[in-house]
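Reviewing the structure listed below.
These values consider heavy atoms only, across backbone and side chains, with no hydrogens, waters or symmetry-generated copies. Just so it is clear: chains get the letters A, B, ... in the order the sequence lines come, proteins before strands, and each one is counted from 1.
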Amino acid sequence: MEKYNPQEIESKWQKIWEEQKLFKTPEDINSENKFYILPQLPYPSGSGLHVGHAEVYTACDIYARYQRMTGKKVLQVIGWDSFGLPAENYAIKTNVHPAKSTETAVNNFRSQIKSLGISVDWDREVGSHNPDYYKWTQWFFLLFYKRGLAYRKKQSVNWCDSCKTVLANDQVKEGHCERCDTLIIQKEMEQWYIKITDYAERLLNDIDKLDWPEETKKRQKDWIGKSEGAEVDFRLQTSDHNQEKKITVFTTRPDTLFGATYMVLAPEHAVVRSLKSEVQNWDEVEKYIEATSKKTELDRQVQKEKTGVELKGIKAINPVKNEEIPIFVADYVLATYGTGAIMAVPAHDERDFEFAKKYNLPIKDVVVQHCGGFDKSAKHRDSAAAVVFKDDKVLVLFNKKFNIYRLPSGGMERGETVEDTVQRELREEAGYTDYEVVDDLGMIESNFYAVDKNIQWNKLQRVLKLKLLSDKKTDTAFESYEDYEANWLAPDEAIEKLKTYNGSEEIFIRRALEKTGRLFSGEGTAINSNFLDGLSTQEAKEKMIQWLEEKGIGKRKVQYKLRDWSVSRQRFWGAPIPMLFNEERKNRKYNYVFIHGYLATGNNDFRPWLKKELEQLGHAVFSPDLPHNDKPNVVEWAEYILNNTTIDENTVIVAHSLGGPVAFRILEKLKNKIAKLILVDTVLRPDFPDKKRPDVEASDSFEFDFEKIKSSSDEFVVIADCDYKTIKKEHLEEMQKLLDARLVKARPNDRHFNGKIEPSVLEESIVTGLKPVSESDLPVLLPDDVDFKPTGQSPLTYSEDFQKGVEKRYGKGWHREPDTLDTFMCSSWYYYRYLDPKNDQQFASPEALKKWMPVDFYLGGPEHVNGHLLYSRFFTKVLYDAGYIDFSAQGGSDLVGDEPFKVHRHQGLILGPDNRKMSKRWGNVINPTDVVNEFGADTMRMYEMFMGPLEEDKPWDTNGVRGIRRFLDKVWNLQEKVIEAEAKSNSLTTLVHQTIKKVGEDVAALKFNTAIAALMQFTNVLLKEEKISKVGYTVLIKLLSPFAPHMSEELWYRLGNKDTVTTQPWPVYDPELTKENTVTLAIQINGKLRDTITVSTDISEEDAKVEALRSGKVIKWLEGKEPKKVIYVKGKLISIVV
RNA sequence: GCCGACGUGGCGGAAUUGGUAUACGCGCGUGCCUUAGGAGCACGUUCCGAAAGGAUUGUGGGUUCGAGUCCCACCGUCGGCACCA
């Protein structure tokens, strides 16, 4: 018999599999038997496959092969995340075109993966750099744009000056570029953003429904970072009395509003610049803003000492107290979170406390920590106490009469200050007079029974920290002085002693020891807060929000940490953003025509506000009262407008409600185009939203020629409120589709009321000089004439090919957006493309989506938790909302309809033999191809799975690889021992069935390491046999085949089979035959193992106990004593208690 | 600083609901075979001890007849977040 020669048999079987198309995706599938296995999309790097890749593909492959053998119809594909920076950086260095180097890398990856024997359907391979792929990436961008989920905005971004591009937040690691480790700086740029924040709540809520690792789910939740609170408006007191200005802050603690003693703005806050003329120390402020803008991400993180500068000459008004408070600019407030402004409550917020201490700002307690119960009948009392230090000892008084320890303290008499009371009590109880006040430790409310006074107190205690300057005592002897004994104790000891009294005093000692002193940021009871006094923090929050909403100076607000996703990249090797620009149109001043709705009055009348806003931007506005507003007639209104103003290509029509149909009538009659039509809560038919409007209905037919209307405007925008409260979602979508319009949605909580459209919505709606490439013109191809030299400008800016024909196609002045999309856009939807990779009409057909989604098993790295995984979920939810998908009926009814990955797991990191992360720097990189060449692919596969649990990090061990090879050699050599006869040995039959059970269960649970151990155990037993049965050996080969498919095929073939082992059914075990007929019971005496006995499996409890007590060792250990208790655990042990 | 995960032989790791701790592999030791072996085979291998026996799952405590597993406190390693109001 020849020796095991993996190189030979592996290529042989890989060829056969490929020829027979064994892993072609099955067609005859249903929701019961389909199984979609997804290994994460690799970036095809020039340095080839990494052992980590091999781990992912092998694990998925073993699982896939196992699932096929159990009868599942498996879909497994591999593709390439083939756009991206490294290929471009390589091009800059070597002048090799990225398309070329990518092709080489992909070929290399593909052949390496094939050499591992991974069973994927290669006919479905995709690469994100191929035009027929990125066509659909661009299509997704347009989908977002049309649904109002893509917008352009100028703001400060993460800039990598080495890669010369912008990075998303999750691509910045510790202030450095994830790719090249360059320090990230902040730069103001106009960029495309995706409004993932609109989906924050759904992304958060649906996580719990997924079978993902718990810590992963938690990390994603934390990244989304929901917090609930309120927005509060603070009026400004400035020298310019004509203009009323206000600043809105976000707070999670509206209950502490009475304690807001100053206000802080982020340096980038827009309002700061607008206050230039009123701020007395503008030079200083400007200098500060400039200094902070130069700070890098890292500086901000490392240097945490708080800095800031006051805006002198202006004040804010605390709205609950009508009190003037100072305003600061400080970079501890982030421009990108909340409103970029905060109310500072130093007594109850650590950061504000720190800042207030540094700049000597007032600290006002409005929440007290509460100790003890909530006994309503308790007697209230204000009291004061002192934590007195002498060196590092604390003064604790011992009351001899009642045997209790206390701090010097007592009730505050009428008119006394805290200092007065403390001074008096310290004299009376301990006699000390010579001290200084070091710190104010704030207040605590404690509800307790005082033994010395026989009373239930509810005490509000104020406490000062004192330093004793000398032991000098008063001459006067007080009565109470006799009762107390002064002890100087170490703080630990003091805390211990004080526990016997009321629980609050030990907290004061703790506060005295900490730098933060009186700061209390927990929940408690409101004080000094007028109508909130006495309420718990939760109650006070609610009441304050109600109060703010009633007064119209604030509202409930949910805030997320998640930011919108920046997707513009100033690079070449990515999917071009399919948008067009027109500078002239962008800067042009337009004639706005506003068509109001039915009964436009009061809160429903946008005209004055809109006129002001638009005129400020330099546009002309025509917003007339239309005739017979109480009995409107669409035709009459349309004519009125046509007769009273000019409608031409310079016109933007804004139509509210019933104004919409009026606008439609106007557009139907136009010979020329207008620039834009903006529809605000517009009705398509008269029965909107719920009630009939006979007066309107009578006036017109409400049949429109939408073809004509569509051709009469360059652009259409439909504005919707966030929750579709005003106009129903399906009606809005109908209109959006009819007009191919862009839908601009307000953010949560925003409604079009009070005579205003939400300003951010208006801003987004009136943008001009921007339009999407028509879907029929996709893909926007990457040109070839590109200079890669990084200039900070997108390389596409300089390409002539790229802009060629654009003006001819779209009109004069239009040109293409030169930025490309973040590659995460490409990888957010690839698992859909696998389902229908050649479709040139859709990203995937509805049938394919219905058949295969959702993904049944997704394996990928934990580094993608807050990037790829979140983006993919977001893509899926948008598709769901747009009506493309709904998985709720597919792959299990427990699933949500808009989640792509049902089960997700992470692979652990494979470390170098030195236990460090593999890297060229350490010279500890293991190349999978080397391993395959030396030991064979089957050894490589099995070793990686045997190293340890899939999800854990584990170091490489070359000797361990040899061990696996030895194992495979043994399995190979076993073929010599095979005989046709049935196995005689009973115990062997039991082992066969036990092994089938164990391996099957472990593989199903992805516990590949223990499955392999079981195979080894089985093999070790077979090795000891003189001859082994063909049946038993066949089982071994089948069980081994997902792990070592090549060798299993060869052995299967050598047993005389003409088909493949890959297509065999998974062996079935007989539960009866897995049972042993004898069992070894442990005998414990007082919990310690003393003996074991072997008994029949079906022994009765009585017999087992008798048997155990008869054991010689037991008799010896019992020493004649009677056992108190004998516990029997079936099949496990007998525990004897003496 | 906050959050999370994890601590088991010389090493990677195993141990349903609490039930014989150290499966499987590596390494190591002894022997066999061999001109030789970094090949193969056999036996052994948690630690201390010649043995009887004892100790042992990061440390300390608790619950239990019984704890690697559950509870509390602490220590250590790794990962994530990092002024998020």
Side-chain angles (χ1 to χ4, degrees), chain A residues 173-175 213-216 218-223 225-227 229 249-253 256 260 264 266 297 300-306 330-334 336-345 348-352 354-355 521 559-563 862-863 865-866 909 911 913 915 942-943 946-949 951-964 966-967 969-970 973 1001 1007 1009-1020 1023-1024 1080-1092 1123-1138:
Chain A
K173 299 279 159 273
E174 287 169 2
E214 284 307 316
E215 65 264 37
T216 301
K218 183 159 192 313
R219 267 177 63 191
Q220 208 171 79
K221 281 185 195 169
D222 289 351
W223 183 262
K226 180 179 183 175
S227 43
V249 303
F250 171 70
T251 176
T252 54
R253 291 295 299 269
T256 61
V264 189
E297 273 282 306
R300 279 202 176 198
Q301 280 172 27
V302 170
Q303 187 222 329
K304 280 202 184 148
E305 165 92 23
K306 292 192 173 38
D331 67 355
Y332 82 90
V333 170
L334 306 174
T336 45
Y337 183 77
T339 60
I342 61 155
M343 64 180 210
V345 186
H348 306 293
D349 181 281
E350 201 180 328
R351 296 147 301 180
D352 299 341
E354 216 179 294
F355 191 81
S521 52
Q559 187 67 46
Y560 302 90
K561 275 201 276 192
L562 184 69
R563 316 275 159 88
E863 68 274 18
V865 168
N866 297 329
L909 206 61
L911 307 168
N915 240 307
M942 282 194 88
Y943 174 64
F946 186 63
M947 292 168 80
E951 310 210 10
E952 240 118 273
D953 296 351
K954 52 239 159 197
W956 188 271
D957 174 17
T958 308
N959 285 319
V961 184
R962 288 208 179 83
I964 292 290
R966 265 198 287 271
F967 163 71
D969 280 330
K970 286 175 190 171
N973 294 334
E1001 285 173 357
K1007 289 155 80 175
N1009 53 334
T1010 51
I1012 293 170
L1015 288 170
M1016 288 173 167
Q1017 257 168 312
F1018 184 38
T1019 304
N1020 288 342
L1023 281 166
K1024 293 213 164 61
T1080 306
L1081 295 180
I1083 302 177
Q1084 292 180 354
I1085 294 170
N1086 286 345
K1088 295 218 186 260
L1089 180 75
R1090 294 305 180 193
D1091 199 6
T1092 57
K1124 276 185 205 150
K1125 203 164 152 193
V1126 181
I1127 294 156
Y1128 173 68
V1129 182
K1130 192 171 186 309
K1132 299 276 184 191
L1133 55 67
I1134 292 154
S1135 184
I1136 300 166
V1137 190
V1138 189

* For A/D222, the option from A/K226, A/R219, A/K218 that meets salt bridge (charged side-chain N to carboxylate O under 4.0 Å, His left out) -> A/K218
* To do: Kindly indicate whether the side chain of A/K306 and the base of B/C83 share any N or O donor-acceptor pair separated by less than 3.5 Å?
  => yes
* Rounded C1' spacing from B/U8 to B/A67 in Å -> 14 Å
* Asked: Between B/G13 and B/U34, how far is it from one P atom to the other, in whole Å?
  -> 40 Å
* A/K1088 NZ to B/G53 P, straight-line distance once rounded to whole Å -> 14 Å
* When you compare B/G62 with B/C48, how far apart are their C1' atoms, in angstrom units rounded to a whole number? -> 29 Å
* Asked: Looking for any heavy atom pair under 4.0 Å, which part of the strands does A/P949 touch: base, sugar-phosphate only, or nothing?
  -> sugar-phosphate
* To do: Check step by step if side-chain contact (heavy atoms from CB on, under 4.5 Å) holds for A/Q220 and A/N866.
  => CA-CA 6 Å; A/Q220 208 171 79; A/N866 297 329; 4.1 Å; yes
* To do: Please give the nucleotide sitting opposite B/A50 as a Watson-Crick or G-U wobble pair, both distances under 3.5 Å, or none.
  => none
* Minimum heavy-atom distance A/N1086-A/V1137, with the two atoms named -> OD1-CA, 3.5 Å
* **Same-atom distance (C1') from B/U56 to B/G9, integer angstrom** => 10 Å
* Structure fact -> B/C70 -> Watson-Crick or G-U wobble partner, both distances under 3.5 Å, gives B/G62
* Asked: Tell me: CG of A/L1023 to P of B/C43, nearest whole Å?
  -> 11 Å
* Structure fact -> Atom CD of A/E863 and atom C1' of B/C78 are separated, to the nearest Å, by 16 Å
* Structure fact -> pair_partner(B/G31), Watson-Crick or wobble, both distances < 3.5 Å, evaluates to B/C41
* To do: Would you indicate what A/T1092 reaches in the nucleic acid, counting non-hydrogen atoms under 4.0 angstrom: base, sugar-phosphate, or nothing?
  => base
* Would you kindly give the CH2-to-C1' distance between A/W223 and B/C2, to the nearest whole Å? => 16 Å
* To do: Please test A/D957 against A/Y943 for side-chain hydrogen bond (donor to acceptor under 3.5 Å, both in side chains), starting from the C-alpha separation and ending with a verdict.
  => CA-CA 9 Å; A/D957 174 17; A/Y943 174 64; 5.1 Å; no
* To do: For residues A/V345 and A/T251, determine if any side-chain heavy atom of one lies less than 4.5 Å from a side-chain heavy atom of the other.
  => no
* Asked: Atom CG of A/D222 to atom P of B/C3: distance rounded to whole Å?
  -> 11 Å
* Asked: B/A85 phosphate, OP1 or OP2: any side-chain N/O from A/S227 under 4.0 angstrom?
  -> yes
* Out of B/G12, B/U20, B/A55, which has the shortest distance to the side chain of A/T1080? -> B/U20
* **Test side-chain contact (heavy atoms from CB on, under 4.5 Å) applied to A/F355 and A/D349, step by step** => CA-CA 10 Å; A/F355 191 81; A/D349 181 281; over 6 Å; no
* To do: In whole angstrom, give the distance that lies between atom CG of A/L909 and atom C1' of B/U77.
  => 16 Å
* To do: Sticking with atom C1', work out how far B/U20 lies from B/C65, rounded to a whole angstrom.
  => 15 Å
* Which part of the nucleic acid, if any, lies within contact of A/T252, taking any heavy atom under 4.0 Å across all strands shown: a base, the sugar-phosphate backbone alone, or nothing? -> sugar-phosphate
* Can you tell me if the side-chain N/O atoms of A/R219 get under 4.0 Å from OP1 or OP2 in B/C2? -> no
* Structure fact -> Paired to B/U56 by Watson-Crick or G-U wobble criteria (both distances under 3.5 Å) is none
* Structure fact -> Partner of B/G79 under the Watson-Crick or G-U wobble criteria, both distances under 3.5 Å, comes out as B/C3
* To do: Carefully, step by step, assess A/T256 and A/M343 under the rule side-chain contact (heavy atoms from CB on, under 4.5 Å).
  => CA-CA 10 Å; A/T256 61; A/M343 64 180 210; 3.7 Å; yes
* Structure fact -> On RNA chain B, more 5' by nearest nucleotide between A/E215 and A/I342 is A/E215
* Structure fact -> Of A/L1089 and A/D953, the one whose closest nucleotide on RNA chain B sits nearer the 5' end is A/D953
* Asked: At under 4.0 Å between heavy atoms, what does A/K218 touch on the DNA or RNA strands: base, sugar-phosphate, or nothing?
  -> sugar-phosphate
* Asked: If you check the A/K954 side chain, which of B/C3, B/A85, B/G12 turns out closest?
  -> B/G12
* Asked: Out of B/C43, B/C81, B/A55, which nucleotide sits closest to the side chain of A/K1024?
  -> B/C43
Give me, pair by pair, the N or O atoms of the protein and of nucleotides 23-32 of chain B that are less than 3.5 Å apart, along with how far apart they are.
unit_1 : atom_1 : unit_2  : atom_2 : d
B/A23  : O2'    : A/Q1017 : NE2    : 2.9
B/G25  : OP1    : A/N1020 : ND2    : 3.1
B/C26  : OP1    : A/R966  : NE     : 3.1
B/C26  : OP1    : A/R966  : NH2    : 2.8
B/C26  : O2'    : A/D957  : OD2    : 3.1
B/G27  : OP1    : A/N959  : OD1    : 3.3
B/G27  : OP2    : A/R966  : NH2    : 3.4

* Asked: A/K561 has an atom NZ; how far is it from atom C1' of B/A82, in whole Å?
  -> 8 Å
* Euclidean distance for P, B/A23 against B/C33 (whole angstrom) -> 30 Å
* Nearest non-hydrogen partners of A/A330 and A/V264, listed with the distance -> CB-CG1, 3.6 Å
* Quantified in whole Å, what is the C1' atom distance between nucleotide B/C11 and nucleotide B/U22? -> 13 Å
* Structure fact -> From CG of A/L1015 across to P of B/A14 the rounded distance in Å is 16 Å
* In whole angstrom, give me the gap between the C1' atoms of B/C3 and B/C26. => 36 Å
* Mate of B/G18 where both pairing distances stay under 3.5 Å, Watson-Crick or G-U -> none
* Structure fact -> Among the nucleotides B/G54, B/C83, B/A14, whichever has the atom closest to the side chain of A/R1090 is B/G54
* To do: Before giving the answer on side-chain contact (heavy atoms from CB on, under 4.5 Å), spell out for A/I1134 and A/I1127 the whole-Å C-alpha distance, their side-chain angles and the decisive distance to 0.1 Å.
  => CA-CA 6 Å; A/I1134 292 154; A/I1127 294 156; over 6 Å; no
* State the syn/anti category of B/G37 according to its glycosidic angle, syn meaning within 90° of 0. => anti
* Determine the contact category for A/D969: base if any of its heavy atoms lies under 4.0 Å from a base atom, sugar-phosphate if only primed atoms, P, OP1 or OP2 are that close, otherwise nothing. => nothing
* Structure fact -> Across every strand shown, the nucleotide meeting Watson-Crick or G-U wobble geometry with B/C11 (both distances under 3.5 Å) is B/G25
